[in-house]
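Numbered from 1 within each chain, the chains take letters A, B, ... in sequence-line order.
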Amino acid sequence: MMTKFRLQDHILVPEHILLSEEEAEEVLKTLGIKKEMLPKIRADDPVAKEIGAKPGQIVKIIRKSPTAGKSIAYRLVI
Amino acid sequence: MKKANLEVIVVYEELLNEYPLPSSVKEEIKKELERINANEDIARKVVERCYQVYLTNLMEPGEAAGIVAAQSIGEPGTQMTMRTFHYAGVAEIDVTLGLPRLIEILDVRKNPSTPMMTIKLLPEYAQDRDKATEIANKIEATYILDLADLATDIRRMRIIISPDEKAMKNKGITLEEIKKKVEKSLKNVEVELVEDKIVVQVTEPSYKLLMDTLDKLKKLVLTGIKEIRRVIVRKDEQSGEYVLYTEGSNLRKVMKVKGVDARRTVTNNIYEIYEVLGIEAARNAVIREAISTLEEQGLEVNIRHIMLVADVMTADGELRQIGRHGVAGEKQSILARAAFEMTVNNLLEAAVRGDVDMLKGITENIIVGQPIKLGTGDVELVLKFGSKF
C-alpha cells in the first residue's frame, strides 16, 4: 500500500515535541505556573499517540502563526 | 562588498536574538536594517526602540481579551447573510457560506451540511489529467445503478443485472468484480454469471425478500468511498497541478488512497480533522475555516480574535463548541450559565443540588452589581508599611 506518513507532516499539524522531565520543569518555572494550568492534549490524540506521549508529560508545540511567524505553545497530556 | 554584507547581517541577527521579539517582527526589522544599511550602533538603537514600541503594544494584564474578540466577531457577524446561502464555489460544488457556516464552525457540528474535501495528488499523478481522473474514479462512490440496469423477474424470483460495458470500462471494474461484490454483500441469494449479465436468484420464494434484495443492491457501493458522492477534477491555475474537489468527506479513507498526497489533503469537516489529525490540527482548521468564511463575505476580522476563539475551543484537549454544551455550559458559576441560556433550568437544577456561586467571575458579579475583576478592577492597592517612597 502507501508509504506510512507522519501525521506531523500534514499541513494542518504543527510540530509536536515531547519534553523530558527536566525540560518540563524548566518550562513551568519560566512560565511560573503549575502543570494543571496548561492547555491539555489527550493521550489518545492521534499526534500524541504518534510521539508516544503519556499522561502527565508536557508536549511542546511549535506553531506557524500568521501573526508572530512562529509561536510556541505547551500542552499537558491527560 | 558581498562578504561584508553577510557579516553585517550576522550582526543584525545576533542583535535581534538578544530580544524576545516574535520571529515575524524580527524578520521585518532585519529587512529594514538591510535596506538602510545600518551600522552596528544604529542597528542597536533601532532594535532597542522597536522593542520598546513592541512592549507598549502588548496586551496588558487584565485586559478583557475575550470581550474584545466577541465584539470584533459579533459586529461584522450582524452584516452577514442570515439565510442559508449556497454558493457554487470551486468546481460547481455547493458550499454553505455566511452566517450558517460560521455557526456550524463554532458549534462544531459533527455533520456539516455541505462537507467538502480538497484532495491534492502526489507529483507523479498531479500533472496528468488521466491519472488524476483515475484516482477520482477510485474515490467516488459508484453504485450499481451507475453501471448497470436492474430488472426484476417476479415470476422466477430473480434480479437481472445488465451492466453497461462502457461505464464499466470508465470506472475500471470488471464483470467478475461486480459479481464478487454482489455475492459478498447479499444473503439468501445465489449469484450466477450468465453471458454478460449477472443473475441474482433469491433462494426463498418470498416477494418481500426479493424487494429487500433489490433495495440492498441499489445501495451497494461497488467502488470508492461511500461518503464521497461526487468528485471533480480541476486544474489549479497557479500551480498547474490537478486537484480533486469532492462533495462529501472521509478524510481517513481518502488519505490512504494511493496517489493522494495525504500531507496536503484537507476537508472542511472540522470534527473529522480533530479525530484524524488531532487537537492542534483542529485548532488550525477552526481558524482557517472561520477566517475564510468571514473573508468570503467581505468582512475583515483580525485573525487574533479568531485565534483566541480557537484556543478556547481546543484548550481542554477536545474540541468544544461555543455554546451551552461546550465552553459556556462548563462555566463554574451558576449565574453565568443562567445568564447565557436556559435560565430557569440552570437555576432550578442548581437549587435542587444546593450549589453555591462563589461570585468569582465577571458575569455573576455584574448580575449582583459588584465591581468586576477585570482591567482596573483586577488590581488592588496595598500599602507597604515602613517602606520609603
Subject >> Heavy-atom neighbours of B/E60 CD exceed 12 at 6.0 Å >> reply: no

Is [X] close to chain A through its backbone or its side chain, or both, or neither, when contacts mean heavy atoms under 4.5 Å?
X      : result
B/E275 : backbone
B/D311 : side chain
B/L277 : both
B/I273 : side chain

Taking NZ, NE, NH1 and NH2 as the nitrogens, is one of them in [X] or [Y] under 4.0 Å from a carboxylate oxygen of the other?
X      : Y      : result
A/D45  : A/R42  : no
B/E380 : B/K373 : yes
B/K31  : B/E28  : no
B/R101 : B/E289 : yes
B/R263 : A/D9   : yes
B/E134 : B/K131 : no

Original post:
Who in residues 69-78 of chain A is close to chain B, using a strict under-4.5 Å heavy-atom cut-off?
Top reply: A/G69, A/K70, A/R75, A/I78

Original post:
If you count heavy-atom pairs under 4.5 Å between each of A/P66, A/P46, A/P39 and chain B, which one has the most?
Top reply: A/P46

Subject >> Among the listed options A/A48, A/S65, A/P14, the residue most often paired with chain B at heavy-atom distances under 4.5 Å >> reply: A/P14

Against chain A, work out which of [options] has the most heavy-atom pairs shorter than 4.5 Å and name it.
options                : result
B/T265, B/N284, B/I279 : B/I279
B/V25, B/D261, B/T314  : B/T314
B/N302, B/L21, B/V276  : B/V276

**OP:** State the CD1-CD1 distance between A/I17 and A/I62, to the nearest 0.5 angstrom.
**Re:** 3.5 Å

**OP:** Of all the heavy-atom pairs spanning A/A53 and A/L18, show the shortest one and how long it is.
**Re:** CB-CD1, 3.7 Å

Subject >> Test log, rule salt bridge (charged side-chain N to carboxylate O under 4.0 Å, His left out), inputs B/K26 and B/E13 >> reply: CA-CA 8 Å; B/K26 280 185 186 170; B/E13 271 174 11; over 6 Å; no

